[in-house]
Asks: 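Questions regarding the structure given below will be posed in turn.
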Amino acid sequence: MLTKKIAGILELHIDMTAQEIVPMLEQPPHPEMGDVAFPCFLLAKSLRKSPADIATELAASIQESEVTAEAAGPYVNFFFQRSTAAEAIFAQLSHPDFGKLTIGEGKKVVIDMSSPNIAKPFGIGHLRSTVIGAALYRMYEIAGYSVENVNHLGDWGTQFGKQIAAYKRWGDDEKLAKEPIKESLNLYVKFHDEEEHDQTLGQEAREWFRKLEQGDEEATRLWNYFVKISMQEFERMYKRLGVDFDHVLGESFYIDRTEGMVTKLQESGLLIESDEALVVPLEEEGLPPCLIIKQDGTTIYPTRDLATAYYRREVMGADEILYVVGAEQKLHFQQVIAVLRKLGEPWAEDCIHVPFGLMKFEGRKMSTRRGKVIFLEEVLDEAVQRAREIIDSKNPNLPNAEEVAEQVGIGAIVFGDLKNHRLNEINFSLKEALSFEGETGPYVQYTYARIQSLLTKAAENVPGGNTRSFISLDKISISDAAWNLLKHLSRYPDYLEKAVCLKEPSILARYVIDTAQLFNRFYHHERILDGEPQELEYKLLLAQVSGERIHQILTLLGVETPERM
Ligand code: ARG
């Protein structure tokens, strides 16, 4: 809003349209330097003057009642007349459509996210995919897209032959029922240990997978059993993270379609034989060949992803497909997308891998190799327990401490993930993520709760109670702290748009940290509950809109907002 206003003024003085000016406008590095800055470098060439001379002349020629212009070197810095601008910002913030975008209207996006593997632990990579995917889901929705997500479970492949073979030899239903994933994993590890000196095991596993592919009754029943017990465990995690799926369609769902996929590739003349396997060569693309059929005649991960892409495009009607999957699968997606391109599908360009970096927990890597597994549920439990300890020491009388501890503990993990640029590697420290003072989820949640208690107190003591209706700001002098907060709030739509376009929830996480910090500065600087009624009203309104913004962003990110903590 502020930049538009400045662009509108500048347009009258220079040979550029407001639309061209808006993206050039900057935010001065320090608020005391001005509210908006216009750099004059680009004009130097056409005007044949130095940027500093242009800035001086331009500043002198701008005579506006609501804005002052000052030259500072090659920049013109603009200062708003605060109370007038604040009125406009408040009006903008209370519009029901504020914080919604229309860039996605008429477009459907399908988000492939979470996608853990059956009978394997839910890894940290899956956690990141779930958390980032769920944030993107909500961000795309608020940007006007129609969004559907798919949990693309890893529920097919030769490893299920091994799983069944191991189960047939050593399976213990009681243990499996108690700790399904741990016990499945034990069986899998045992299989690999024993396989080294028992040749027949590998044979058995291949036999079981063949049976499974042919729909054998027992193999199918056992496979279903593994899917069921794994899903029960995953669903517990999804519930705690507040994540739902529109579709749970594992790799097995596409088996029927892989045959057609192979035919299509064959007919396009893309498939060649190599070492008894069938591949699509991708030399021209500078990539290794994409494996389609293995030596043993079975299909493989990329084959299923190709069939899946067609399904999403043709049956689900996706205009865009996002794959929220770790950066280590970069090559896989490059290959799949390159094959789609070779098949002449223009929509290959709308299949987008949204990668993210590795996350370690307190320096430890999560892996399924023996002995080194950290189970996600244990991490969640530990975060909640530590949150509980902090809450008990800070606010021992909090009535719903257990519920709040869950919100704060999980929130710390989700926020601790999302505040990082998604491609960065993260060394996650629970202690840091749970701190109420740092740039953390609990810090932002705490600020939100502070605002709510302030508003509740105001409702008790102040006429007008809980309903803030906006009044004129005429005679009010707006402090730097309040003004900086207000300006920041007015910039929200730009941040949201950038976050959606870059598929980067961290932009919103950073924005909400700044919001909380600016609010706290305002809170410490002013006695919010004191002052003339008109002034009080405006300060409470500012607190209220700050709270609304924090609430909206935390919700987008998947972090809950307790009213008290
Ligand atoms: N299940 C896979 C894994 O854990 C992730 C699947 C990602 N999605 C996809 N369409 N390939 O590595």
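Atoms within each ligand, like the ligands themselves, are counted from 1 in listed order. These numbers come from a predicted model, not from an experiment.
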Asks: State yes or no: are the ring centers of Phe209 and Trp156 separated by less than 6.0 Å?
Replies: yes
Asks: Is the ring centre of Tyr511 less than 6.0 Å from the ring centre of His488?
Replies: yes
Asks: Students often mix this up, so state it plainly: with edges at 30° and 60°, are the rings of Tyr167 and Tyr225 parallel, tilted or perpendicular?
Replies: tilted
Asks: Report all protein residues having a heavy-atom distance below 4.0 Å to some atom of ligand 1; order the list by chain, then number.
Replies: Asp112, Ser115, Asn117, His126, His152, Tyr301, Asp305, Tyr323, Val325, Gln329, Phe333
Asks: Among residues at least two apart in sequence or on other chains, which ones pass side-chain hydrogen bond (donor to acceptor under 3.5 Å, both in side chains) with Asp296?
Replies: Thr298
Asks: Kindly write out the residues that satisfy side-chain hydrogen bond (donor to acceptor under 3.5 Å, both in side chains) with Asp155, not counting sequence neighbours, or none if the list is empty.
Replies: Ser252
Asks: Please enumerate all residues that pass side-chain hydrogen bond (donor to acceptor under 3.5 Å, both in side chains) together with Thr200, with sequence neighbours excluded.
Replies: Arg169, Asp198
